[in-house]
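Step one of this worksheet: look at the structure below.
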Amino acid sequence: MRFERIKLPEGEKIPVLKNVVYAVRLVWKADKRLLLSYLCSDIIDNVFEDFIQSVLFLKVLLSIIDSGADFSAYSRTLLIFFAVAAFTKVSTWGAAYVRQVSTKNVLKVLNNMVFKKAAELDVGQYENPEFYDKYQRATAVMSSGYFDIVCWDVAVIIGGIISFLLVVGTVISVNPIYLLFLAPTVFVFIIETLKSKAVYKRDLEMTTNNRTKAYVQRTVFLKDFSKDMRTSNIFAVMMKRFDGAIKANIEILKNYGPKLFLYSMASTVCSDFIPVIGTYVYAGWQFVSKKALTVSGFSVVISAIGSFKGMLWYIQEGFNDLIQMSLYFQNLREFFEYETEIKDGTKTADEFQSLEFKNVTFCYPSAAKNSIENMSFKIEKGETVAVVGVNGAGKSTLVKLILRFYDVTDGEILYNGVNVKEYTVDSLRQAFATVFQDYKNFAVSVFENVMCRECSEEDKEKAKNALVAAGVWDKVESLPNGGDTVLTREFDEDGAGLSGGENQKVSTARLFASDYEIAILDEPSSALDPIAEYKMYENLIKATKEKTVIYISHRLSSAVLSDRVIVIENGQIIESGTHKILLESGGKYSEMFKLQASAYKREEGEEID
């Protein structure tokens with residue numbers, strides 16, 4: 001597999017503070033208790049462990065001993081310490097309970113925000129690999145618990161800084177010289193910042209490879225791919241891609257390894273070696289040679305340095321995490337700030353009268369050539385039109401343009417004589433009842449799949465009639481719970497699986513259950529045999545009487561029953577007319593029809609002259 005490095009734009013600066021503030025505001029808006037519980041538990045815990053327990057308590061006890069005070073003074077100090085310790089534990093336990101509840105609430109609110117935004121995105125973005133990389137990193141914020149990490153880091157840093165100032169104040173009271181040994185720690189934060197950015201770039205370069213790995217892992221376990229995996233060599237191809245992605249990641253890790261190692265070594269020298277060794281040497285020299293340090297002073301300095309080292313590590317980790325989290329939150333922020341290219345108009349699409357393509361040209365964003373080339377036609381109210389052509393001719397692209405999943409590159413599409421861009425997107429799409437080529441049914445009941453909502457008894461009766469019209473009610477009625485049976489067993493042991501043709505009929509039943517003026521059926525019979533296909537079209541003709549219908553198909557059963565046939569090839573209209581006229585003309589349509597008729601006859605076992 002060819003390895004391609006992914007690089008950030010040259011000179012790009014990541015606004016760490018802005019992204020962290022953005023993350024904290026999101027959490028606060030979703031459920032402020034999450035941040036407050038972390039602040040409560042971590043600040044109290046850090047101050048107690050790193051200062052009160054490790055430094056202050058030791059200093060007070062040793063001072064009592066040095067002063068020759070009686071045991072009662074010592075006991076009172078112990079009781080105060082135990083009371084503070086008990087308060088710390090109770091506060092920590094209470095905050096942990098609040099955190100368990102608020103975390104789930106935050107994830108619920110923020111996931112809903114992501115789902116809502118995803119539903120608003122242009123359909124074209126789902127064909128853009130760069131968008132998928134950004135979307136994957138954005139959703140990882142939720143799935144990886146990064147909101148908890150940010151809250152924890154903010155609390156740890158604040159608690160660490162408070163403890164740090166208290167410990168430094170205590171050390172200064174012994175001897176200000178010790179601050180010199182702490183000075184190199186300033187460089188640790190700079191080093192860790194550089195290290196975090198390097199880690200982020202490394203992870204960013206690995207995103208596409210990780211997406212490839214995830215795709216292979218997913219397809220190996222999905223039922224939809226299981227038959228092809230076991231009856232062809234595609235498994236070997238997928239495994240080669242999987243291995244290639246791993247090897248590419250290993251190369252990335254090798255490239256970043258030396259740099260990250262040097263950053264880690266420099267950070268260790270500044271955070272551990274100079275402060276700890278320097279303090280131990282100077283304190284030992286003062287205590288042994290100069291006799292300028294008491295036993296209590298020496299013990300306090302040594303314990304303070306131990307606490308200081310722990311605090312510094314937590315603060316460093318906190319800043320390191322926040323820097324890295326800020327980079328991921330930038331992806332989430334950019335995801336939420338994404339503006340759709342399909343803009344709403346101001347008009348509401350009213351009752352259908354006509355649909356017209358006027359010199360329409362369209363090219364997909366990543367394509368080298370146009371999918372639709374200077375196409376013009378008009379469909380009037382009540383007309384049944386079949387748009388036919390071989391696969392890849394551009395038929396399904398027409399549906400995407402009509403529904404404004406994409407906007408035309410040139411020309412215009414008119415709904416009732418008005419450019420579709422002038423209508424609100426929702427009102428335009430709701431004017432059409434659509435059955436898509438790549439139909440999908442969901443892991444909900446059959447009735448809910450048909451009505452696309454939670455069903456009342458009235459809805460269920462309507463869905464039943466639609467399933468009868470689609471020719472699949474007999475099968476649905478035989479299921480364990482009839483129309484209330486959940487499709488697939490993924491979430492319900494009593495669920496049922498349907499064949500490809502049955503699933504397509506359930507999907508088509510949505511049309512029969514819809515209230516519409518114009519219907520678009522994109523390959524509605526692709527999974528059906530010729531007899532079932534013809535019966536479905538007969539039912540569709542009855543159900544769509546006096547309605548406007550556009551059939552889009554490479555199979556010509558729909559064309560026989562239509563008022564007009566439009567033949568597309570290479571994104572252009574090459575023929576247009578009634579079935580009879582086109583059949584007699586001896587052109588492309590006549591050739592396609594005769595070939596398909598011969599295939600149908602062979603399927604029925606008839607001899608062909």
Side-chain angles (χ1 to χ4, degrees), residues 1-2 4 6 121-135 208 211-212 215 234 237 241 338-343 355-379 385-415 419-421 425 428-429 432 434 436-439 520-524 526 550-556 558-559 564-577 582 585 587-593 595-596:
M1 178 179 178
R2 187 169 175 268
E4 294 183 2
I6 303 172
L121 294 173
D122 296 335
V123 173
Q125 290 299 322
Y126 289 91
E127 299 174 8
N128 182 352
E130 183 180 345
F131 165 78
Y132 257 108
D133 285 344
K134 186 179 291 293
Y135 181 56
T208 301
R211 187 157 54 85
T212 299
Y215 173 76
I234 193 66
V237 176
R241 289 183 177 275
Y338 172 82
E339 294 290 336
T340 60
E341 295 179 6
I342 305 298
K343 303 298 182 183
L355 179 71
E356 182 178 3
F357 272 53
K358 199 171 183 179
N359 303 319
V360 170
T361 296
F362 175 71
C363 182
Y364 286 100
S366 57
K369 65 176 185 177
N370 295 332
S371 296
I372 300 294
E373 187 74 51
N374 196 31
M375 184 178 290
S376 297
F377 64 86
K378 188 173 184 179
I379 299 172
V385 177
V387 180
V388 302
V390 298
N391 289 334
K395 305 184 301 298
S396 294
T397 300
L398 296 183
V399 183
K400 297 176 182 178
L401 295 177
I402 292 170
L403 298 176
R404 290 199 70 200
F405 293 158
Y406 294 90
D407 277 335
V408 300
T409 306
D410 197 11
E412 57 182 348
I413 301 174
L414 306 177
Y415 180 91
N419 193 311
V420 292
K421 294 180 181 179
V425 174
L428 177 70
R429 291 173 182 170
F432 296 86
T434 311
F436 293 103
Q437 175 181 357
D438 49 349
Y439 62 90
I520 302 176
L521 294 95
D522 185 7
E523 302 283 6
S526 58
I550 303 173
Y551 294 109
I552 295 178
S553 180
H554 69 283
R555 292 163 65 168
L556 305 182
S558 58
R564 179 157 53 105
V565 181
I566 297 174
V567 184
I568 297 178
E569 186 173 74
N570 296 323
Q572 295 179 310
I573 296 176
I574 59 172
E575 293 180 299
S576 181
L582 293 181
S585 69
K588 185 70 175 181
Y589 177 81
S590 177
E591 177 188 346
M592 291 171 60
F593 187 85
L595 285 172
Q596 289 191 17

Would you say [X] and [Y] make side-chain contact, with heavy atoms under 4.5 Å?
X	Y	value
D122	F405	no
T434	L521	no
K358	I413	no
L355	L414	no
V565	V388	yes
F362	N370	no
I402	V399	no
L398	F357	yes

Check your understanding: Near K369 NZ, under 6.0 Å, is it more than 12 heavy atoms from other residues, nucleotides or ligands?
Key -> no
Exercise for review: Please report the C-alpha distance between F432 and L403 in whole Å, then the side-chain angles of each, then the deciding distance to 0.1 Å, and finally whether the side-chain contact (heavy atoms from CB on, under 4.5 Å) criterion is met.
Suggested key: CA-CA 8 Å; F432 296 86; L403 298 176; 3.9 Å; yes
Which atom names give the shortest non-hydrogen contact between [X] and [Y], and what distance separates them?
X	Y	result
S576	I566	OG-CG1, 4.0 Å
I573	S376	CD1-O, 3.4 Å
K343	V425	O-CG2, 4.3 Å

In Å, rounded to the nearest 0.5 Å, how long is the span from [atom1] of [X] to [atom2] of [Y]?
X	Y	atom1	atom2	result
D410	E373	CG	CD	9.5 Å
I372	K400	CD1	NZ	10.5 Å
E412	D407	CD	CG	12.0 Å

Check your understanding: Step by step, would you call K588 with E569 a side-chain contact (heavy atoms from CB on, under 4.5 Å)?
Key -> CA-CA 9 Å; K588 185 70 175 181; E569 186 173 74; 3.2 Å; yes
Taking [X] for its side chain and [Y] for its backbone only, find out whether a donor-acceptor pair lies under 3.5 Å.
X	Y	answer
E575	Y589	yes
R404	L428	no
S371	C363	no

Exercise for review: Output all residues satisfying salt bridge (Lys or Arg N to Asp or Glu O under 4.0 Å) with K421, sequence neighbours left out; order by chain, then residue number.
Suggested key: none
**Study point:** Results of salt bridge (Lys or Arg N to Asp or Glu O under 4.0 Å) for E356 - residues two or more places apart only
**Key:** none
Practice item. Go through T361 and V408 one step at a time and tell me if the side-chain contact (heavy atoms from CB on, under 4.5 Å) criterion holds. Key: CA-CA 6 Å; T361 296; V408 300; over 6 Å; no
Practice item. Walk me through it: do Y551 and V385 pass the test side-chain contact (heavy atoms from CB on, under 4.5 Å)? Key: CA-CA 6 Å; Y551 294 109; V385 177; over 6 Å; no
Practice item. Please determine, by modelled atom types, if Y364 and T397 share a side-chain donor-acceptor pair under 3.5 angstrom. Key: yes
